[in-house]
Amino acid sequence: ILIGFWNKKKRKERMGRLFLVNLEGKSYSCRHCKTSIALCDDVVSKSFQSRHGKAYLFSKVANVYAGKKEDRMMMTGMHTVVDIYCVKCGSYVGWRYEFAFEKNQKYKEGKSVLERYKVCGPDGNNYWVAAQEVEAGESDTDE
């Protein structure tokens, strides 16, 4: 979801007013500016892994903007993804699946992954997890 107004020529340059979606209920927020990004009720899976550790798959997110589409080979196969950034401070928070090439991965299309080290949990906890502490689970790190 793109929230706010953006200059088409310079995507990173903000123009006009910034409008944030107010998420009602327990939510995950940007680690840097505390902007709400996703509701706890929208967690699909807590067993994803990113390059930097654990990550969560969400059915929907808010207050983010998307980068450029690109194909990435991940542990579960080839996917077309876009990196997503906090709309308020511009920090990278994860990625969204645009297209899955493998049939058994189609359920990910349109869903977003938030990296735990980039978000705060609903209780305000920072989720930094060192790479060596990552548990086995569904992995979608880049190869």
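Note that OG1 of Thr80 is 10.5 Å distant from CZ of Arg72, once rounded to the nearest 0.5 Å. Remark: Lys88 NZ to Tyr65 OH distance equals 14.5 Å, nearest 0.5 Å. Note that CD1 of Ile84 and CH2 of Trp95 are 9.5 Å apart. Values are rounded to the nearest 0.5 Å. Taken from NZ in Lys106 to CG in Asn104, the straight-line distance is 10.5 Å, to the nearest 0.5 Å. Taken from OG1 in Thr76 to CD in Glu102, the straight-line distance is 8.0 Å, to the nearest 0.5 Å. In this structure, CD in Glu115 is found 14.0 Å from NZ in Lys54, a value given to the nearest 0.5 Å.
The closest side-chain heavy-atom distance from Cys86 to Cys33 is below 4.5 Å. With contacts defined as side-chain heavy-atom distances shorter than 4.5 Å, the pair Tyr28/Cys40 qualifies.
Look at Glu98 and Arg96 and you find a salt bridge, because one of the NZ, NE, NH1 or NH2 atoms lies within 4.0 Å of a carboxylate O, short of that distance.
Not a single donor-acceptor pair under 3.5 Å links the side chain of Asp42 to the backbone N or O of Phe58. Distance alone, capped at 3.5 Å, is enough to place a donor-acceptor pair between the Arg31 side chain and the Tyr117 backbone.
Pairing each heavy atom of Ser59 with each of Val44, the nearest pair is N-CG2, 3.5 Å. Taking each heavy atom of Val82 and Gly67 in turn, the nearest pair found is CG1-O, 3.7 Å.
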Next item on the list: Before giving the answer on side chain to side chain contact (heavy atoms under 4.5 Å, CB included), spell out for Leu114 and Ile37 the whole-Å C-alpha distance, their side-chain angles and the decisive distance to 0.1 Å.
Entry: CA-CA 9 Å; Leu114 296 180; Ile37 297 175; 3.8 Å; yes
Next item on the list: Go through the steps for Asn63 and Thr35 under the test side chain to side chain donor-acceptor pair (under 3.5 Å), then give the verdict.
Entry: CA-CA 7 Å; Asn63 299 322; Thr35 298; over 6 Å; no
Note to self: Evaluate Met78 against Asp71 for side chain to side chain contact (heavy atoms under 4.5 Å, CB included), listing each step before the verdict.
What the structure shows: CA-CA 7 Å; Met78 182 66 78; Asp71 291 341; 3.8 Å; yes
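Aromatic ring centres of Phe99 and Tyr97: separated by at least 6.0 Å.
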